[in-house]
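Just passing along the structure, written as structure tokens.
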Amino acid sequence: MTATTQPLLTVKGLSKYFPVRGGVLSRAANWVRAVDDVSFELHKGETLALVGESGCGKTTVARSVLRLIEPTAGDVRFDNRDVMRLSRSELRMLRRRMQIVFQDPYSSLNPRFTVGDIVGEALHVHGLAHGPALRERVGTVLERVGLARADQERYPHEFSGGQRQRIGIARALALEPQFIVCDEAVSALDVSIQAQVLNLLRDIQQQDGLSYLFISHDLNVVRYIADRVAVMYLGKIVEIAPTRELFNAPKHPYTKALLEANPVPDPDVPPAPHALGGDVPSPMEPPAGCHFHPRCPQALPECRQRYPDVTKLNSAHQVRCHLYGGEKD
């Protein structure tokens, strides 16, 4: 999985606030800051993982990038095209190049459709294939993900969870995209099936040069598949680095806490001595200063007063933490 120097996807200052309505007129009484000023790049042929606790904004970032939900603010450029300014028809054409594999392989497939209808629907909508040509193309993509051509006639309830996720991957691949969001794509699967699906995703990436935005809370999965990792906390990216560097030398206290909490499959390795305490603050009322400071064992007085700027530790490793100085973004 090698990446080129030209970014395929560039995200700057992405934010998504959800209104909390109240009163007789249902006016916005407050805002849930699900995503707040998120910036990153994704290169061709690269896998960037988004990790963090549940509710930190990972899925909202992905859906905002795809404009499945409309962002509150920010700039998203895909292959140097401004995604936020595209018309409905232009966005529809762009969706051929940007696809998503959803988390739940059960609810993400229409139970009333056959597999052929599910995988072939996008081809039909975009006018890329019809009749025998459609069946042939669907059969080919099903074989790519380890299913049989004859499976086109079957319904989702006739498949196991792992097979259903392969159907979801086939649906995403049908339009021959360049970029796929994998939203917890293996979290609902057994460990052995996870390995098969991850290997499938890697093989397809190597064959087609795909770029993945891989959302996961499983750090072992992330370590296996990702080229770079972005760590999110309460709607913000607090650290981003190449995978090996982040796992071997994490800088942000939150990243360190996540890695310490990650279970090691070795009975001779004792558990981490210090688990991260406290609860995640409400995104409606985030703490002043650094949002992590109420739970941080290394908090400084400055952490309570001002949110840290981005510090570039090197060309590929960035962190938002007052513990580090250096070049500011």
Side-chain angles (χ1 to χ4, degrees), residues 9-42 48-78 81-88 90-91 94-95 98 100 102-103 179 181-184 213-217 229-240 252 254-255 258 278-296 303-310 318-322 329:
L9 177 71
T10 303
V11 178
K12 291 184 178 180
L14 185 69
S15 298
K16 178 59 181 178
Y17 296 173
F18 293 97
V20 179
R21 302 189 182 277
V24 177
L25 300 178
S26 295
R27 292 175 176 172
N30 206 338
W31 297 87
V32 175
R33 297 168 176 82
V35 175
D36 193 7
D37 192 23
V38 164
S39 300
F40 62 87
E41 292 181 345
L42 177 66
L48 173 66
L50 278 180
V51 303
E53 293 171 286
S54 297
C56 70
K58 304 185 296 295
T59 295
T60 305
V61 167
R63 297 194 177 201
S64 297
V65 166
L66 296 175
R67 280 187 64 184
L68 296 178
I69 57 177
E70 291 295 330
T72 304
D75 179 54
V76 178
R77 303 190 72 85
F78 181 82
R81 296 187 67 188
D82 189 344
V83 176
M84 296 297 105
R85 295 183 180 273
L86 294 180
S87 66
R88 186 172 181 177
E90 290 172 330
L91 183 61
L94 187 64
R95 292 200 192 284
M98 305 168 68
I100 184 170
F102 295 97
Q103 176 178 359
F179 167 58
V181 171
C182 298
D183 186 5
E184 300 276 12
L213 181 60
F214 195 90
I215 298 169
S216 181
H217 61 269
V229 182
V231 182
M232 289 192 68
Y233 184 78
L234 212 63
K236 292 179 177 288
I237 290 179
V238 297
E239 185 168 4
I240 185 167
H252 198 282
Y254 178 64
T255 306
L258 283 182
D279 297 322
V280 180
S282 169
M284 286 193 295
E285 297 179 355
C290 176
H291 297 341
F292 186 60
H293 84 257
R295 306 173 70 192
C296 182
C303 299
R304 297 169 174 82
Q305 301 167 5
R306 182 177 62 86
Y307 199 87
D309 297 321
V310 173
Q318 299 180 2
V319 63
R320 281 181 174 261
C321 183
H322 289 301
D329 206 18

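Both backbone and side-chain heavy atoms feed into the values below; hydrogens, waters and symmetry mates do not. Since the structure is predicted, the reported quantities are computational estimates derived from the model, not experimental observations.
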Looking at R27 and G22, would you say the former's side chain and the latter's main chain have a donor-acceptor pair under 3.5 Å? no
Heavy-atom nearest pair, C321 first then P308, reads N-CB, 3.6 Å
CD1-CD1 distance between I100 and I215, expressed to the nearest 0.5 angstrom: 7.0 Å
Would you please name every residue forming a side chain to side chain contact (heavy atoms under 4.5 Å, CB included) with S87, sequence neighbours left out? S89, E90
Parallel, tilted or perpendicular for F292 and Y233, by the 30°/60° rule? perpendicular
Kindly write out the residues that satisfy side chain to side chain contact (heavy atoms under 4.5 Å, CB included) with P287, not counting sequence neighbours, or none if the list is empty. L234, P281, H291, H293, P294
Working note: L258 + H217, criterion side chain to side chain contact (heavy atoms under 4.5 Å, CB included); need CA distance, chi angles, decisive distance, verdict. CA-CA 10 Å; L258 283 182; H217 61 269; over 6 Å; no
Mind checking side chain to side chain contact (heavy atoms under 4.5 Å, CB included) for Q305 and listing every partner two or more places apart, or none if nothing turns up? none
Considering only heavy atoms from C-beta outward, does the side chain of M98 approach that of L91 to under 4.5 Å? no
Heavy-atom side-chain proximity of D37 to K236 below 4.5 angstrom: yes
V280 versus R295: any side-chain heavy-atom pair under 4.5 Å? yes
Under the ring-ring contact (aromatic ring centres under 6.0 Å, His included) test, which residues partner F214, sequence neighbours left out? none
Could you walk me through whether Q318 and F40 pass the side chain to side chain contact (heavy atoms under 4.5 Å, CB included) test, one step at a time? CA-CA 10 Å; Q318 299 180 2; F40 62 87; over 6 Å; no
Decide yes or no for R67 and L86: does some side-chain heavy atom of the first lie under 4.5 Å from some side-chain heavy atom of the second? yes
Measuring only between side-chain heavy atoms, which start at C-beta, is V83 closer than 4.5 Å to L9? no
Less than 4.5 Å apart, any side-chain heavy atom of M84 and any of P71? yes
Minimum heavy-atom distance V181-A62, with the two atoms named: CG1-CB, 3.6 Å
Specify the closest pair of heavy atoms between L48 and V229, including all atoms of both residues, with the distance to one decimal. CD1-N, 4.1 Å
One should read off an interatomic distance between R304 CZ and H322 NE2, to the nearest 0.5 angstrom, of 11.0 Å
Side chain to side chain contact (heavy atoms under 4.5 Å, CB included) for F179 and L66? Distances and angles first, verdict last. CA-CA 10 Å; F179 167 58; L66 296 175; 3.9 Å; yes
Result of checking D183, V231, V61 against L50 for side-chain contact (heavy atoms from CB on, under 4.5 Å): V61
Which residue pairs pass the side-chain hydrogen bond (donor to acceptor under 3.5 Å, both in side chains) test when at least one of the two sits in residues 10-21, sequence neighbours left out? Y17-D36
Quick one: side chain to side chain contact (heavy atoms under 4.5 Å, CB included) partners of C56, sequence neighbours excluded? K58, M232
From R320 CZ over to E239 CD, what is the distance, rounded to the nearest 0.5 angstrom? 12.5 Å
Closest non-hydrogen atoms of Y307 and C290, given as atom of the first, atom of the second and distance, are CD1-CA, 3.7 Å
Exceeds 12 heavy-atom contacts within 6.0 angstrom, atom CD of E70: yes
Using side-chain heavy atoms (C-beta onward) and a distance below 4.5 Å, is T72 in contact with W31? no
